[in-house]
Structures are given as C-alpha cells and as structure tokens.
A.B. asks: 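One structure follows; several queries about it will come next.
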Amino acid sequence: MIGIMAAMHEELNRIVAMLSDVSEEKVGHKVVYLGSLNNKKVVVVFSGWGKVAAATTSTMLIERYSISQIIFTGVAGGIQAHLNIGDIVIGKSFVQHDMDCAGVLGIKRFEIPLLSLTEIPSSEVLQEKSEQAANDYLASDLASDVEAKELENLNIIQPKIYSGLIASGDQFISSEDKLQDLRQALPDLLAVEMEGAAVAQVAYEYDLPFIVIRIISDKANDDSLIDFPRFIEKVASHFTAGIIKRLV
Ligand code: SAH
C-alpha cells in the first residue's frame, strides 16, 4: 500500500478522482480514501497544514495501513530568485527551519535534538522516479490539462523542475526579512513550506522511503500571491495529479 498525502483539498479531490474501487473510512477527524491507482493499492488523505498535522497523519498511515512508502504533494514558496510560480520542486532533503536549540548541549541551529540530524534525505529512487514523472507530465499532458490563459495570467511559460533542499516550519513565510534570514542561514535552500520535514522525520523513524513534490505558488516575500485558491484549482492540482499518476 502506498500512502499519498496532499496539503490542499483541491489536490486531494483530483487524486481521489483518479482511483478505482474507492472506499472511505473515517479516522479521527480525517476521511481516508482507499483505492487503486495503476493497479497498486493506495491510501489518500488530506494532511492538514503544519508539522503536527503532517506528522500525525503520516504516523496514522504507517500504523493503520502499513504503507510501504509516502508521497506528499502540495505547494511551496520559492526561496531562490530563479524559481518561478509553476516550477516543480522535488525534495532531496528536508530541514525544520523553526527548530532551534542552539547552545543547549552543543546542539546547532536546525539540528533535531537527540537525533543528531539536521537534514533528512528522501528516497533516491523516488527522487528519480518523480523527476521522470514530472518531465513526462510537462512534455505530454500540460498543454491539454491546464488552460493556456491560466498559465499566461501567471506568466508560467515553461515550468522547470528542480530538486534540492526544502525547509518546513509552522509559519507561512511572506516577508522579505524572513526570506533573507532563511537564504543566509541555508544558502542551498530551494523552497519553504509547512509539512515536508515532518513527514521526513516520521519516515526516518520508521525507515520508510518517502518523497515530497511541491509546486511553487509564491516567492515567500511581501508580494503575496495572486489568487491562491484559483492557482491550486486551475494549475497546481493538475500538476500534482498528473505527476502522481505517473509516479505510482
Ligand atoms: N494563504 C493561502 C494558503 C496558505 S498556503 C490561502 O489563502 O489559501 C499554506 C500551505 O502552502 C501549507 O501547506 C504550506 O506547506 C504551503 N506553502 C506555500 N507557500 C508557503 C510559504 N511561503 N510559506 C510556508 N508555507 C507555504
């Protein structure tokens, strides 16, 4: 069984719509969808936003459904100046940018206390498969899937695929000050979001392969995004569903 988590309802709905033999279960306050995709058993659930939501949801999927891998999709803020809205970021490693016990017992900023880890890598096999799936989606389905005017409105000309470091924390980053602090502290950082590093820590604890695939929705700065719900519905959810369809 493959666990698929999405951080937005629109993305989740589009993924659930691709499943066959779907059934639903309620676990706590969450609705979990069970079904098949490409003849593989999958379990799909909305994680909620933030590290606690992502960690509890990942743990629930592992403990209750004995999943063998976790795929997480959502949107993220681009940190490096060359990243544009609509670009795809595949997480190679993950850091919790709000983890800071610096000075206690010689721990460094961002280090996870007692695990002696700062960055947690995702599965290399899933990284490669995700890159292929994303390339294939952009080359074959993008034009028929997303309306040209939606792409034009956002100036999405030819989305690019990047892989690298993603930072997660329980904050929506939308100020120049915070952006500069993250750039300085983590020079390789590609994107910021609120869940990936929590999924990474749970997957690490359970020795499970995982991957996080993000679509850039904003530049984590003072220019808050466009029309967020519209971007998710009309653009990002198509990207993530198209990639997941090819990845599973
Ligand atoms: N403000 C938007 C939605 C917030 S997005 C709205 O009005 O609908 C929050 C989600 O997007 C989280 O799941 C997080 O992982 C991701 N995200 C996107 N851009 C982000 C940023 N700049 N900082 C932190 N999280 C971001």
Side-chain angles (χ1 to χ4, degrees), residues 3-15 30 44-58 70-91 93-100 110 120 122 150 153-154 156 159 162 164-186 189-203 210-241 243-244:
I4 302 175
M5 291 160 62
M8 298 284 174
H9 280 293
E10 297 81 351
E11 289 172 323
L12 183 93
N13 295 343
R14 213 175 279 287
I15 295 166
K30 291 201 153 66
V44 183
V45 64
F46 172 70
S47 63
W49 293 356
K51 292 191 300 172
V52 174
T56 53
T57 309
S58 310
I70 307 179
I71 301 170
F72 189 104
T73 77
V75 292
I79 296 291
Q80 299 202 358
H82 60 272
L83 261 74
N84 291 313
I85 291 175
D87 284 345
I88 298 166
V89 174
I90 294 160
S93 52
F94 294 83
V95 59
Q96 295 176 39
H97 69 72
D98 53 359
M99 178 62 82
D100 192 356
F110 307 130
I120 299 182
S122 61
E150 300 291 343
N153 285 347
L154 293 164
I156 301 175
Y162 296 94
L165 180 64
I166 292 182
S168 317
D170 288 322
Q171 294 167 5
F172 188 82
I173 305 291
S174 57
S175 82
E176 211 50 65
D177 286 355
K178 284 196 180 142
L179 177 62
Q180 291 311 339
D181 175 52
L182 285 175
R183 276 186 178 148
Q184 222 159 39
L186 298 163
L189 185 60
L190 277 182
V192 67
E193 36 87 314
M194 300 175 65
E195 298 86 17
V199 175
Q201 188 172 338
V202 174
F210 79 97
I211 194 72
V212 176
I213 301 160
R214 294 280 183 179
I215 314 303
I216 297 299
S217 56
D218 57 84
K219 310 261 269 173
N221 57 17
D222 300 325
D223 307 332
S224 224
L225 179 76
I226 37 152
D227 183 343
F228 210 93
R230 189 180 177 96
F231 172 73
I232 304 289
E233 196 202 322
K234 302 277 186 187
V235 183
S237 65
H238 287 280
F239 281 44
T240 49
I243 295 170
I244 281 183

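If you're wondering where the values come from, they're calculated on a predicted model, not measured in any experiment. Basis for what follows: all heavy atoms, side chains included, without hydrogens, waters or symmetry-related copies. As the structure lists them, so they are numbered: ligands from 1, and atoms in each ligand from 1.
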A.B. asks: Can you list, by chain and residue number, every protein residue with a non-hydrogen atom closer than 4.0 Å to ligand 1?
C.D. replies: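 Lining ligand 1: Ala7, Met8, Trp49, Val75, Ala76, Gly77, Gln171, Phe172, Ile173, Val192, Glu193, Met194, Glu195, Arg214, Ser217, Asp218, Ala220, Phe228.
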A.B. asks: Does Phe94 have its ring centroid less than 6.0 Å away from the ring centroid of Phe72?
C.D. replies: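 So the answer is no for these two rings.
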A.B. asks: Who passes side chain to side chain contact (heavy atoms under 4.5 Å, CB included) against Phe46, sequence neighbours left out?
C.D. replies: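 By the side chain to side chain contact (heavy atoms under 4.5 Å, CB included) rule, Phe46 matches His9, Leu12.
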A.B. asks: Using a distance-only test with no angle check, is there a side-chain donor-acceptor pair under 3.5 angstrom linking Glu193 and Ser168?
C.D. replies: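 The criterion, which ignores hydrogens and geometry beyond distance, is satisfied for Ser168 and Glu193.
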A.B. asks: Where do Ile70 and Met5 land on the side chain to side chain contact (heavy atoms under 4.5 Å, CB included) test, with the steps shown first?
C.D. replies: CA-CA 8 Å; Ile70 307 179; Met5 291 160 62; 3.9 Å; yes
A.B. asks: Please find the pair of heavy atoms, one from Ser58 and one from Ala54, that lie closest to each other, and give the distance.
C.D. replies: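 Nearest heavy atoms, Ser58 then Ala54: OG-O, 2.6 Å.
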A.B. asks: Quick one: do Ile120 and Ser93 satisfy side chain to side chain contact (heavy atoms under 4.5 Å, CB included)? Show the steps, please.
C.D. replies: CA-CA 5 Å; Ile120 299 182; Ser93 52; over 6 Å; no
